[in-house]
Amino acid sequence: MPTGGKALTGDAGAAGEARDGRPFGLRDHWCGELRLADEGAPVRLCGWVARVRAHGSHLRFVDLRDRSGIVQCVVDTDADLRSEYVVAISGTVGARPEGTSNPNLATGDVEVRDCAVEVLSEAEPPPFQLDERAEVDEATRLRYRYLDLRRDRMVANLRLRASVMSALRRSMERQGFTEVETPLLWTPTPEGAREFAVPSRLHHGSFYVLPQSPQIAKQLLMVGGMDRYYQMAKCLRDEDLRADRQFEFTQLDVEMSFATQQDVMAVVSDAVLAAAAVASDREVPPVATLTWQESMERYGTDKPDVRFGMELADLTGAVAASGVAALSAPCVKAIRVPGEAGTTRSRLDSLTARARQLGAKGLAWFRVVPAKADSEDAGAALGSRPLGSRLSLDSPLARHMAPTVIDDIVTATGAQAGDLLLAVAGPTATARAVMGQLRLELGRPPLSEGAPRYVWITDFPLFDEGPDGTAVPAHHPFTMPHPDDVVLLDSDPLSVRSQAYDLVLNGWELGSGSIRIHRRELQQRIFAALKLSAEEAQARFGFLLDAFRYGAPPHGGFAVGVDRLVAILAGEENIREVIAFPKTQSGADPMTGAPKELAPGALRELGILVGRAGPAAGRSPAGPGGSAP
RNA sequence: GGACCUGUGGUGCAGCUAGGAGUGCACGCCGGCCUGUCAAGCCGGAGGUCGCGGGUUCAAAUCCCGUCAGGUCCGCCA
């Protein structure tokens with residue numbers, strides 16, 4: 001079912017023409033725009049035959065579809081009309097006879113009569129039905145994407161995408177930003193995501209790379225005095241695909257000079273709220289702000305879905321003295337799942353398996369039940385005793401717990417009788433991450449539910465702890481430290497906060513940004529903390545560091561993931577649904593067959609020798625003889 | 001690199017736990033009937049390498065192994 005946020009076809013009344021533009025060419029009206037007010041008008045329509053309902057040889061109802069919607073045409077000629085034939089229909093708009101209106105159709109009060117039909121293009125039956133009656137296999141949809149795009153869902157999603165991008169652009173223009181394009185053929189920067197390489201024909205053995213983002217280019221624009229830059233930028237990363245990740249994706253990329261973090265956040269907030277406004281009529285709450293520390297503590301993640309509760313409770317203190325070995329750990333986090341005390345043992349086992357997959361040693365569970373001794377006077381006791389004393393915990397782990405420990409657990413989680421408590425003990429990061437993920441899997445509403453909830457996450461740590469205890473940049477190495485923490489750079493780098501911030505929408509990371517370092521001496525200290533020598537730094541980022549010699553303004557910026565933003569505003573759980581021609585999870589395009597082997601001649605011209613041991617080995621080349629040397 | 005789910009006429013499913021003839025449902029398709037339908041209706045018909053390969057068995061859509069494709073996730077995504 002379409003969700004509230006979608007720009008549905010044909011439901012906009014008189015707005016139809018404004019949105020669809022003036023019809024021209026072979027037609028003079030759009031199908032979806034016809035209304036009772038058009039009664040008597042001669043019209044010429046073009047489109048696809050969506051459905052034919054035949055009654056005898058001289059009465060057929062033909063539903064004609066174009067991108068604006070559907071209108072019923074009454075046809076009494078014997079033209080051969082089948083599904084997906086492309087036709088031009090000329091006729092007269094008439095009010096439907098009493099009692100035959102179709103309230104499910106925007107054009108349901110009218111029909112086109114006295115139709116002359118011209119078949120512009122015949123069509124084989126499509127390989128899947130284009131109505132919304134059944135989910136169609138993803139591979140089939142992508143193989144015939146040009147047919148999939150005819151469906152209401154894709155029409156609505158792509159038009160919403162256009163509206164959102166337009167709203168973002170208008171917001172940026174209104175705020176004085178200038179769109180500047182940056183190169184797709186860029187240079188390798190050996191940091192961050194795996195890059196797509198493009199071989200150079202003129203310099204055999206050398207490569208361009210496609211940009212993971214225009215990060216360095218936009219900072220150079222700031223050095224160039226552009227002051228306020230934005231771009232709808234294509235970004236390319238050769239990393240494994242997910243529901244929210246494609247090789248290539250679009251970012252609203254922003255950078256501004258002489259600006260504070262608050263300035264950047266205000267600019268981006270304006271843009272994304274404008275985007276939400278064109279997506280639906282719903283009131284969208286202002287963008288909230290949480291510190292990273294607070295988000296990790298309450299939600300166990302740096303991209304919290306704040307549309308629902310079930311926040312993490314800390315049981316570390318409560319169970320410290322319990323003597324239960326499974327719960328003795330630096331950190332114990334729990335969530336309360338309301339009303340789920342009846343969860344079956346096999347379900348609990350599969351949750352435990354899931355917790356292990358996420359890195360936990362195990363999963364503790366407690367069914368919250370009325371305490372036996374108090375069960376009779378529980379009601380009478382209400383209010384006169386501590387909340388916890390009326391409840392007990394049913395769990396193998398709770399069997400030998402002292403009543404005070406049980407009370408502490410109940411109090412810390414706010415448990416009610418009939419709830420299920422789940423807890424993970426372990427290192428702080430593990431306990432938070434596992435419970436944060438289980439919270440999502442057990443309580444998260446569908447992405448389309450309720451108003452969009454944007455939240456800023458601020459005060460990220462400047463460094464993460466690398467595998468060997470060293471500091472690695474949490475954002476990128478040009479991120480400005482929090483001014484209060486600069487003194488800690490040498491003594492305690494892992495506790496230094498940064499002026500980096502993420503924007504999160506309904507639990508999806510929409511993007512991130514930071515205030516950048518623009519002074520060389522501070523940059524050197526950061527490189528030192530990263531154990532990066534001056535020579536290495538020069539080799540990797542030399543051209544940026546060089547640029548900073550010539551007067552770099554203080555600057556900062558942000559990038560918003562447009563595909564994710566549109567998907568959430570469209571109520572889609574997958575960004576493929578808002579991309580016209582996406583790739584499958586294995587990076588293939590079932591329609592074009594990409595990626596494909598190159599002809600030997602093309603490889604030779606690029607100076608490329610393909611190793612036959614790769615995954616392509618064994619696939620027979622196009623021609624006989626192949627390309628074996 | 002790894003885990004899990006799915007794969008059955010064109011489409012979506014059921015059948016698989018417990019092996020017994022390609023069995024069933026809905027949609028679509030083809031033909032016929034039908035002058036107010038709108039997911040039209042009624043009648044008839046066609047359409048299958050049960051993803052692919054191997055194994056177990058008298059017998060495999062069903063059990064086992066492998067593989068391919070699609071999906072979800074872990075790793076990865078500064």
Side-chain angles (χ1 to χ4, degrees), chain A residues 50-64 70-76 82-84 94 96-105 107-108 111 113 123-144 147 189-195 212-213 215-216 235-247 249 350 353-359 433-434 437 440-441 460 462-464 466-467 471-479 498 500 509 512 514 526 530 532 540-541 561 573-574 576 583-588 590 615 618-619:
Chain A
R51 216 183 300 277
V52 179
R53 293 176 294 278
H55 297 255
S57 52
H58 288 292
L59 176 62
R60 280 185 296 176
F61 298 104
V62 175
D63 287 343
L64 188 66
I70 282 178
V71 69
Q72 170 170 289
C73 303
V74 186
V75 173
D76 64 359
R82 292 163 196 260
S83 284
E84 302 308 312
R96 292 200 189 183
E98 190 71 32
T100 63
S101 291
N102 182 353
N104 299 321
L105 214 54
T107 60
E111 60 191 12
R113 301 206 186 108
E124 293 178 18
F128 54 91
Q129 287 167 252
L130 301 186
D131 54 30
E132 304 290 330
R133 297 181 58 170
E135 283 296 313
V136 180
D137 178 65
E138 188 95 13
T140 309
R141 289 179 60 198
L142 292 182
R143 180 173 172 198
Y144 300 96
L147 298 180
T189 51
E191 196 69 45
R194 197 177 293 118
E195 296 166 319
Q212 313 165 26
S213 79
Q215 178 60 39
I216 295 179
C235 303
L236 299 109
R237 297 179 188 173
D238 189 2
E239 299 291 349
D240 287 359
L241 278 44
R242 288 282 195 285
D244 60 353
R245 274 159 39 186
Q246 285 270 306
F247 284 153
F249 57 99
S350 82
R354 177 62 176 152
R356 290 211 174 94
Q357 186 194 17
L358 294 167
V434 174
Q437 186 60 36
L440 289 179
E441 293 176 14
F460 273 72
L462 188 61
F463 304 111
D464 287 332
V472 296
H475 185 55
H476 64 59
F478 313 114
T479 303
S498 69
E509 181 190 326
S512 58
S514 64
I526 298 291
L530 293 170
L532 200 63
R540 291 187 188 187
F541 313 111
E573 309 267 349
N574 193 305
R576 289 189 302 271
K583 307 268 187 296
T584 66
Q585 192 163 37
S586 67
R619 260 198 237 165

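Each chain gets a letter, A, B and so on, in the order its sequence line appears, and its residues count up from 1.
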Tell me, with the steps shown, if A:L236 and A:F247 meet side-chain contact (heavy atoms from CB on, under 4.5 Å). CA-CA 6 Å; A:L236 299 109; A:F247 284 153; 5.8 Å; no

Tell me the interatomic distance from [X], atom [atom1], to [N], atom [atom2], rounded to whole angstroms.
X      : N      : atom1 : atom2 : value
A:L241 : B:rC73 : CG    : C1'   : 14 Å
A:R194 : B:rC77 : CZ    : P     : 8 Å
A:E441 : B:rC74 : CD    : C1'   : 11 Å
A:R245 : B:rC76 : CZ    : C1'   : 6 Å
A:H55  : B:rU35 : NE2   : P     : 10 Å
A:R60  : B:rG32 : CZ    : P     : 12 Å
A:D240 : B:rC77 : CG    : P     : 11 Å
A:F128 : B:rG10 : CZ    : C1'   : 11 Å

Side chain of A:P125 (C-beta onward), nearest among B:rC73, B:rC29, B:rG70: B:rC29

Donor-acceptor pair (no angle test) under 3.5 Å: [X] side chain, [N] base:
X      : N      : result
A:E111 : B:rG36 : yes
A:R237 : B:rC77 : no
A:R354 : B:rC4  : no
A:R242 : B:rG71 : no

Counting distance only, does the side-chain N/O of A:R82 pair as donor-acceptor with the main-chain N or O of A:A123 below 3.5 Å? no

Taking a pair to mean Watson-Crick or G-U wobble geometry with both distances below 3.5 Å, B:rA69 pairs with B:rU6

For B:rC63, what is the paired nucleotide under Watson-Crick or G-U wobble rules, both distances under 3.5 Å? B:rG55

Determine the contact category for A:P127: base if any of its heavy atoms lies under 4.0 Å from a base atom, sugar-phosphate if only primed atoms, P, OP1 or OP2 are that close, otherwise nothing. sugar-phosphate

Answer with yes or no whether the side chains of A:R53 and A:Q72 bring together a donor and an acceptor at under 3.5 Å. yes

Atom C1', compared across B:rU23 and B:rG9: separation rounded to whole Å: 13 Å

Quote, to the nearest angstrom, the P distance that separates B:rG22 from B:rC42. 32 Å

Please tell me which of A:E138 and A:V74 maps to the more 5' nucleotide of RNA chain B, matching each residue to the nucleotide holding its nearest heavy atom. A:V74

Whichever of A:I216 and A:T584 has its nearest RNA chain B nucleotide further upstream toward 5': A:T584

Can A:F61 be classed as stacking with the base of B:rU37, given a centroid separation cut-off of 5.5 Å and a plane angle cut-off of 30°? yes

How many angstroms lie between OG1 in A:T584 and CZ in A:R143, if you round to the nearest 0.5 Å? 14.0 Å

Rounded to the nearest 0.5 Å, the CZ atom of A:R245 sits from the NZ atom of A:K583 at a distance of 16.0 Å

